[in-house]
Protein chains: 2
Amino acid sequence: MSKKQSVTLKELAKELQLSVSTVSRALNDHPDISEPTRKKVKQLAKRRHYTPNLFAKGFRSHRTHILGVIVPNISHYFTTTILKGILAQSESLGYRVIISESRNDQQKQTEMLETMIQFGVDGILMALARKTKSVDSILEILERIPLVMFDKVSDKIPCTQVVINEEEAAYNAIEHLINIGKNRIAIIKETERSFNSKKRFEGYLRALKEHNIPIDKKIILSTEDISLEKGRMMANILLSLKKRPDAIFAITDSAAIGVIKALHKFKVTIPDEIAVVGFSNSNSSTIISPALSTVDQPGSKIGKTAVTYLIDEIENPKEDLLTKTIEIKTNLIVRDSSFIP
Amino acid sequence: MSKKQSVTLKELAKELQLSVSTVSRALNDHPDISEPTRKKVKQLAKRRHYTPNLFAKGFRSHRTHILGVIVPNISHYFTTTILKGILAQSESLGYRVIISESRNDQQKQTEMLETMIQFGVDGILMALARKTKSVDSILEILERIPLVMFDKVSDKIPCTQVVINEEEAAYNAIEHLINIGKNRIAIIKETERSFNSKKRFEGYLRALKEHNIPIDKKIILSTEDISLEKGRMMANILLSLKKRPDAIFAITDSAAIGVIKALHKFKVTIPDEIAVVGFSNSNSSTIISPALSTVDQPGSKIGKTAVTYLIDEIENPKEDLLTKTIEIKTNLIVRDSSFIP
DNA sequence: CTGAAAGCGCTTACAG
DNA sequence: CTGAAAGCGCTTACAG
């Protein structure tokens, strides 16, 4: 079907016997234009359903009002809450968002950064793909276009980074376990030294140290590609120890749920024999029984904050790069898996 | 910071003492260009990291290679699987995707369609906002730009629509329940006559009819804004009946999970006393205990199919509109909530 | 084989 | 107060 063409300034001008310049100015409320002309133009524009071609506009001004977003996996609930914040905030500030999924593939990630620039985005928001070894291509991007990172970040990249208070969140989770009387607390973390896993582990260590609880390497487990299944496996290992832990902190909800499933299987009572705490407040944390205690990460706020900083950088370019880390506060949600009255 | 400007054709031309036209043609492998020139140009382009400004390119050709996507809620797992398919397929065909969330708000949805057109998208993919009363604005859009709908569709809109075999999927679910010996099967559906709810209900009715099971209105429940909580409430109602059902089919997983939670509370054994089947194969369906039988909807395939049809329409414009419905097959996954050996 | 020129739809400095 | 012209970065029909 031959689609209706959009009305252009030229057509409006012709119909009104005016120049394109005048029509453009009238629509943009330029002070030079007389009231009657302005009215006439606006009326016709309305009647003919004129909508400016933002593409032409952006092309001229070198600004597209489009932001690029790259996330490792769009299906993670936490990611979608961040995206919600990004969409809402950018829309309310007059920007659109192009989203890509790196699928945790570093090379894809690099390509995506390139095409986003080709598509003329005004700035980029990104969470790093897992196992991103070299950040060179990102550093190069940084010289060309404003970039703000969130959630999966790297201190090797000098840009604004919006994260949660990972260390403190883990600290609070462990302290809570200590408060309910636990003192042999296992942790399930990632092998990879990702920013998130590292910080959460630091919080774990600090909590134990500050409460004078000895650190036992036997109950500090690491796994690659942490998941429900890995959580289950790690729990099996912990259950086979001579001295079992009395609490397990998994740095993701899915691993924590795997832990609960394993404990069920071996008829371990939760939380009395072993308490469990996860991280994310994912949907599943209230589906599993007992309901999982977990750290709530305000995704929407992270997204909104990241957009706000990015657009600020776009609209008020600074002379120099600086690593600025914004920490968003999390909240420990205590549910049955660690509730002892 | 003053960001590095991208290299333009003009600069390459100047450096090579060639015209912009020649450089453009060389890069696009135009047959007129001599081999040595082509080589020279490509080499320099590479060395200077030239990337074409797709924006200018698109502006000229009236094609942006950007698709607009509108979904009601980006956090639904099923939606994210569709988005995954959309992203993967459009990327592999050289398109980018702008995503917006209508938050089930009809007015927002209309605005979004407008801005997408302003942003010059080549085509639009959309799932209808809940309770979309008037489709007038969408019909108008349809005259201007290719549009393909998916999942939440309406037969009032004459365009390509990609859906699952809703009716048949429900039919299969009910037939499965009958096969395991159930004959008093309740359904929890939506009040609103959405395409999806309507079709699933039709499948329910047909299965009962074909197996000569009488229809009892007392166990056909409808609710607005179906959710886990509503599922729980509906289950309570069903449990209070003099003649309880021996199976419950909920048209969403979340409602089905609510049902399971309610049954637990009243110590009803699943599936012996009451079997439960949901719809979606969401993450939670394997977290809940007993694991939930459910209909798996191949989201990624839906997304890919929708993109394929849309891009075909963009690249091979047809003369006339026609409603074409593509049905993607689903798969019933039987788990413990309805498994009777 | 290569170049000069027009044009995509818009904005804006420059004239008048 | 209004208009003609240049220009954003690219492609392509028209010359040569």
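Being a predicted model, the structure only gives us computed values, none of them experimental. In what follows, every chain begins at residue 1, and chains take the letters A, B, ... in the order their sequences are listed.
- Taking atom CD on A:Gln17 and atom C1' on D:dG3, their separation rounds to 14 Å, with Å as the unit.
- Not counting sequence neighbours, the partners of A:Ser134 by the side chain to side chain contact (heavy atoms under 4.5 Å, CB included) test are A:Gln106, A:Asp136.
- The CG-P distance, from B:Leu27 to D:dG9, rounds to 16 Å in whole Å.
- Regarding A:Arg38, its CZ atom lies at a distance of 11 Å from the C1' atom of D:dC1, rounded to whole Å.
- Counting to the nearest Å, the P atom of D:dG9 and the CG atom of B:Leu12 are 12 Å from each other.
- By the side-chain hydrogen bond (donor to acceptor under 3.5 Å, both in side chains) test, B:Ser194 pairs with B:Glu190, sequence neighbours left out.
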Cut-off 3.5 Å, no hydrogens considered: what does the side-chain donor-acceptor table look like for residues 66-77 of chain B, sequence neighbours left out?
| residue | atom | partner | partner atom | Å |
| --- | --- | --- | --- | --- |
| B:Asn73 | OD1 | A:Lys84 | NZ | 2.9 |
| B:Asn73 | OD1 | B:Ser75 | N | 2.8 |
| B:Ser75 | OG | A:Thr80 | OG1 | 3.3 |

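- Residue B:Asp122 contributes atom CG, which lies 18 Å from atom P of C:dC8 at whole-angstrom precision.
- For B:His30 and C:dG3, the NE2 to P distance is 13 Å, given to the nearest whole Å.
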Scan the side chains in residues 40-47 of chain B for donor-acceptor partners under 3.5 Å anywhere in the protein, sequence neighbours excluded, and list what turns up.
| residue | atom | partner | partner atom | Å |
| --- | --- | --- | --- | --- |
| B:Lys42 | NZ | B:Asp29 | OD1 | 2.9 |
| B:Lys42 | NZ | B:Asp29 | OD2 | 3.3 |

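- For residues 108-128 of chain A, the pairs satisfying salt bridge (Lys or Arg N to Asp or Glu O under 4.0 Å) are A:Arg63-A:Asp122, A:Glu114-A:Arg144, with sequence neighbours left out.
- Applying the salt bridge (Lys or Arg N to Asp or Glu O under 4.0 Å) definition to pairs two or more places apart or across chains, none involves residues 69-79 of chain B.
- Salt-bridge formation is detected for the pair B:Arg38/B:Glu35: a Lys NZ or Arg NE/NH1/NH2 atom is positioned less than 4.0 Å from an Asp or Glu carboxylate oxygen.
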Discussion item. One character per nucleotide, please: for nucleotides 10-16 of chain D, 5' to 3', B when the base has a protein heavy atom closer than 4.0 Å, S when only the sugar-phosphate does, - otherwise.
Written reply: BBBB---

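- Under the rule for a side-chain hydrogen bond (donor to acceptor under 3.5 Å, both in side chains), A:Glu327 has no partner lying at least two apart in sequence or in another chain.
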Item to complete: Any chance you could encode DNA chain C as dot-bracket? Rule is Watson-Crick or G-U wobble with both distances under 3.5 Å; [ ] for pairs crossing earlier ones, | for another strand.
Response: |||.||||||||.|||

